[in-house]
There are 2 protein chains.
Amino acid sequence: MSLPHAILTALLEKPSSGLELTRRFDRSIGYFWSATHQQIYRELGKLEQAGLIRALPSDQPSRGQKKEFEVLPAGRTELTRWASGEQDPKPIRDALLLRLRAAAVVGRTGLDEELRRHLTLHRRQLAEYQGIEDRDFGAAADPEDRLRRLVLRAGIGLETFWVQWLEEALAEVADMEGAPGEPGAPRQV
Amino acid sequence: MSLPHAILTALLEKPSSGLELTRRFDRSIGYFWSATHQQIYRELGKLEQAGLIRALPSDQPSRGQKKEFEVLPAGRTELTRWASGEQDPKPIRDALLLRLRAAAVVGRTGLDEELRRHLTLHRRQLAEYQGIEDRDFGAAADPEDRLRRLVLRAGIGLETFWVQWLEEALAEVADMEGAPGEPGAPRQV
DNA sequence: AAGCCTTGTGCAACAAGTTGCAAAAAACGT
DNA sequence: ACGTTTTTTGCAACTTGTTGCACAAGGCTT
């Protein structure tokens, strides 16, 4: 329900074409609100029709032709409206945790490898975030940057948490392996 | 793509009817894989048709009549297969973070209240998780319980993170309020 | 200039998740 | 015994997200 607002935000930061937006979603904004180019194009169409954004004039717009969008006043109003309302945090949807629960009933085959794999991924992501913080936010000055930094620090905190938890989990699982209970495979029916 | 596996897991832990499942999703499993009753009923239908689960025999099953399901061997096999594969962590989708970014371009009206509200919600959730840990996991013995506890500890860690981050964010926003930059409302176009 | 790669836009079909409602059975009050 | 509420199941329509592909323009290569 908030992809349009993500796009409005991105476009206010800088008018862009669909593909540019996609790229930027792959970098900064997509870190906490991902979207494919398809979603973006579709949504750009809707936003344009709704009169919230408009395409910057170009010679003769046609299919493979770049098309830049900018936010209209109505769009800014809408974003302001949205941003001053309430958004309930929606519950976690995490396949790895689900998998642990499954492992509890069906055996932990391959669990160790999977935990390790995730650990690597999260370490990498954490490093990337920290790189961005070092590079882009020296001494955060204006409110805008301070807010953006806050968002980045949420990312860092989350990745840090996962790294720690995964390390804990790996230790725990390793500890189970030799000892009691089932030997990796489920006690079969 | 993993709701069916969430259901299989739940049903292996204990055969249930659709509504019971919904209740259990609202408590334990839904903490990291939420689902509405509609999704669950629809999925139960599919799983039954696919021969992974079956309805326990009852007199004459009809509409408002309770129907219990149990997992068939094929279902266990499928869950085992799924649980030994890879699941990539999908990126965060967090409306609050998006909102912060929006606030950076459109002003932080009402931001403080919203942060406070979330803080309350996360504190409450954290307390609930800790209650469960205290109640259900004294000295975790068998591997199954240790895995389930690990999942719970992920929940605790996540909520703890959010609480900390929100406190940090509130301090930061409060610090902006008096000082420089924009006065809560955006510098209007 | 013919062929090919990249950039950019977009359709169409599908899968997953949400919302609103309806309808059968059972429980309950009076 | 009758109407009301609660439990339980489910349909239908909609929104959101994903996947695979197609098509246009322009640059590059030989």
Side-chain angles (χ1 to χ4, degrees), chain A residues 1-8 10-11 15-26 29-30 32-50 53-56 58-69 82 87-95 98, chain B residues 1-8 11 15-26 29-30 32-50 53-69 82 87-95 98:
Chain A
M1 243 313 281
S2 5
L3 177 56
H5 304 104
I7 292 181
L8 287 173
L11 284 183
S16 311
S17 68
L19 199 56
E20 276 176 284
L21 273 181
T22 307
R23 300 262 156 80
R24 289 170 58 202
F25 267 73
D26 285 345
I29 299 197
F32 53 89
W33 202 277
S34 64
T36 66
H37 69 128
Q38 294 298 353
Q39 278 177 277
I40 289 172
Y41 281 120
R42 213 196 306 176
E43 205 62 46
L44 282 173
K46 283 190 203 165
L47 287 170
E48 188 178 21
Q49 264 204 316
I53 64 175
R54 65 158 188 166
L56 290 181
S58 92
D59 326 319
Q60 72 266 3
S62 74
R63 200 170 164 112
Q65 185 92 352
K66 193 159 127 179
K67 206 159 79 178
E68 291 236 306
F69 289 95
W82 177 82
Q87 288 91 39
D88 280 331
K90 42 181 245 346
I92 317 158
R93 272 280 179 81
D94 191 293
L98 183 55
Chain B
M1 244 314 283
S2 3
L3 177 57
H5 304 104
I7 293 181
L8 286 174
L11 284 183
S16 311
S17 68
L19 198 57
E20 276 177 285
L21 273 181
T22 307
R23 300 264 157 79
R24 287 170 59 201
F25 267 73
D26 285 346
I29 298 197
F32 54 90
W33 202 278
S34 62
T36 66
H37 68 128
Q38 294 298 353
Q39 281 177 276
I40 289 172
Y41 281 119
R42 213 194 310 174
E43 206 60 49
L44 282 172
K46 283 191 204 165
L47 287 170
E48 188 178 24
Q49 264 204 315
I53 63 175
R54 64 157 189 166
L56 291 181
S58 90
D59 326 318
Q60 73 263 3
S62 73
R63 201 170 164 110
Q65 182 95 350
K66 193 158 130 180
K67 205 159 77 176
E68 290 237 307
F69 289 94
W82 176 82
Q87 287 91 40
D88 280 332
K90 41 182 249 342
I92 318 157
R93 272 281 179 83
D94 190 293
L98 183 55

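Every chain is numbered from 1, with letters handed out A, B, ... down the list of sequences.
Side-chain contact between A/Ile7 and A/Phe25 is present, with at least one heavy-atom pair separated by less than 4.5 Å.
Distance from the side chain of A/Gln39 is smallest for D/dT18 among the nucleotides D/dT18, C/dG17, C/dT9. Set against D/dT19, D/dG17, D/dT7, the side chain of A/Thr36 has D/dT19 as its closest nucleotide. Nearest to the side-chain atoms of A/Arg93 among the listed nucleotides C/dT9, C/dG17, D/dT8 stands C/dG17. The side chain of A/Gln38 lies closest to D/dG20 when the candidates are D/dG20, C/dT18, C/dG8.
B/Ile40 has its CD1 atom 13 Å from the C1' atom of D/dT8, to the nearest Å. For B/Leu3 and C/dT18, the CG to P distance is 10 Å, given to the nearest whole Å. Rounded to an integer number of Å, the gap from CG of A/Leu19 to P of D/dA24 is 18 Å. Protein atom CD of B/Glu43 is 14 Å distant from nucleotide atom P of D/dG10, rounded to whole Å. The separation between B/Asp88 atom CG and D/dT18 atom C1' is 15 Å, rounded to whole Å. Rounding to whole angstrom units, NZ of residue B/Lys46 and P of D/dC11 are separated by 12 Å. Across the protein-nucleic acid pair, B/His5 atom NE2 and C/dA16 atom C1' stand 14 Å apart, rounded to whole Å. The CD1 atom of B/Ile92 sits 16 Å away from the P atom of D/dG17 (whole-angstrom rounding).
Distances shorter than 4.0 Å separate some side-chain N or O of A/Tyr41 from OP1 or OP2 on C/dT9. In this model, the phosphate group of D/dG10 is approached by a side-chain N or O of B/Lys67 to a distance below 4.0 Å at OP1 or OP2.
Between the side chain of A/Glu20 and the main chain of A/Pro15, no donor-acceptor pair closer than 3.5 Å is present. Remark: side-chain polar atoms of A/Glu43 are not paired, donor with acceptor, to backbone N or O of A/Ile40 under 3.5 angstrom.
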Start with the C-alpha distance between B/Ser2 and B/Gln87, add both sets of side-chain angles, then the distance that settles side chain to side chain contact (heavy atoms under 4.5 Å, CB included), and finish with yes or no.
CA-CA 10 Å; B/Ser2 3; B/Gln87 287 91 40; 5.8 Å; no
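Comparing B/His37 and B/Arg42, the nucleotide of DNA chain D nearest to each residue sits closer to the 5' end for B/His37.
Closest of all the heavy-atom pairs between B/Pro91 and A/Gly30 is CB-O, 4.3 Å.
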